[in-house]
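Data block below; observations after.
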Amino acid sequence: MTSVTASTAPVTAPGPEGSAPAPARPRLDWRLRFAALSLIWGFSFLLIKVGTQGYAPFQVTLGRLAFGTAVLAVAMAVRREGLPRGARTWMHLAVAGFLLNALPFSLFAFAELTIPSTLAGICNATSPLWGMALSLVALREDRPTRVRVAGLGLGFLGVLTVLGAWQGFNGLDARGTALALLASLSYPVGWIYVRRTLAGSSASHLSLTGGQLLLATVQLAVVTPLFTSVPSSLAVGPLLAIAALGTLGTGLAVLVQYSIVAEVGPTTGQMVTYFVPVIAAAAGILLLGETLTWSTPVGAAVVLAGAALTQVKSKRTG
């Protein structure tokens, strides 16, 4: 999912004002699209879990990227948009595809071999926290405020609550949790890179994202055969989960996200971040039989409150 600020679906690289024609106003109300996007990204963690029950994590990620790229390719063909031009742009897109797609998607797939999808969804919600912490160092124009710093501290206190720090992290799979948190960290790193390198591109958002996903797919197509073997049998259920993950959670979600941001702006669009872990937890409990201790929902609420505070801008900066 990837929100406007950070998460697990491909991110549209920002472009200059007027770099592409304004999209026509969609017929479906943005609130319904917002709800659909929350559901799609919330269920993505369940689909990852199901996919890894039949295929290796790299295979899950490769399938996800391939299906997602196919959806964007169709959208680009319908809108008659081509891929970006220029070797420098493609070099930056290769890095963006690694940081925003290939790396975090793979890390989440590996993490869910040993941790529940519920915990993975909550770890994903820490992306805005990592993003603010990194922006204070990497983006000079993003000055801290007391409210945002307080939100950062509150958010990481929530992470410790989710992990049960007072119990010495008893019963927690440290490796899987660390991989999920590293995946959530990869998104803001990628966002900062994109902001510094592709903000002035003349290509459209759709074109840049299509190129980004294509390069991420190529990266996984190279890596996957080196570390996995061809499955001995075709697991239909996990394969359908991977197809849904790529088609809906990676391809369609990007198009829906872009339409929401274009209509109501990034501030409203990024609020989807706070619904995803709730839906991920509900899906994991109801459909996969995962269990929760009291600290998980309480800690998740604290994480989301902290993440919300980190997005508060001062009146001077708007």
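Because the structure is a prediction, the values reported are computed rather than measured.
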Rounded to the nearest 0.5 Å, how far apart are [atom1] of [X] and [atom2] of [Y]?
{"X": "L208", "Y": "L83", "atom1": "CG", "atom2": "CG", "value": "10.0 Å"}
{"X": "L62", "Y": "Y55", "atom1": "CG", "atom2": "OH", "value": "12.0 Å"}
{"X": "L100", "Y": "L213", "atom1": "CG", "atom2": "CG", "value": "10.0 Å"}

Result of checking Q212, R64, Q219 against N101 for side-chain hydrogen bond (donor to acceptor under 3.5 Å, both in side chains):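 With N101 as partner, Q212, R64, Q219 yield a single side-chain hydrogen bond (donor to acceptor under 3.5 Å, both in side chains), made by Q212.
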
Are the side chain of [X] and the backbone N or O of [Y] linked by a donor-acceptor pair below 3.5 Å?
{"X": "T52", "Y": "I48", "answer": "yes"}
{"X": "W191", "Y": "G131", "answer": "no"}
{"X": "S186", "Y": "L99", "answer": "yes"}
{"X": "S44", "Y": "I40", "answer": "yes"}
{"X": "K49", "Y": "G284", "answer": "no"}
{"X": "S259", "Y": "V256", "answer": "yes"}
{"X": "T126", "Y": "C123", "answer": "yes"}
{"X": "T114", "Y": "D173", "answer": "no"}
{"X": "Q59", "Y": "A56", "answer": "yes"}
{"X": "T61", "Y": "A102", "answer": "no"}

Pair F108, L179 - check side-chain contact (heavy atoms from CB on, under 4.5 Å), show working. CA-CA 7 Å; F108 273 120; L179 291 176; over 6 Å; no

Got F275 and F34 here, is their nearest side-chain heavy-atom distance under 4.5 Å? yes

When you compare the side chain of F45 with that of L119, does any pair of heavy atoms fall below 4.5 Å? no

For residues 66-87, pull every pair meeting ring pair (Phe, Tyr, Trp, His ring centres under 6.0 Å), keeping only residues two or more places apart or in separate chains.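 For residues 66-87: none.
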
Worked check of side-chain contact (heavy atoms from CB on, under 4.5 Å) between L46 and V50: CA-CA 6 Å; L46 179 147; V50 175; 4.1 Å; yes

Going by the angle between their ring planes, with limits at 30° and 60°, are H205 and Y258 parallel, tilted or perpendicular?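 Taking Y258 first and then H205, their aromatic rings sit tilted (interplane angle of 30° to 60°).
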
Determine all donor-acceptor pairs shorter than 3.5 Å in which one atom belongs to a side chain in residues 227-239; sequence neighbours excluded.
from, atom 1, to, atom 2, distance (Å)
T228, OG1, T224, O, 2.6

Under 3.5 Å, sequence neighbours excluded: what are the donor-acceptor pairs made by side chains of residues 84-97?
from, atom 1, to, atom 2, distance (Å)
W90, NE1, P84, O, 2.8
H92, ND1, Y193, OH, 2.7

Between S204 and E81, do the side chains contain an N or O donor and an N or O acceptor separated by less than 3.5 Å?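 Side chains of S204 and E81: pair found under 3.5 Å.
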
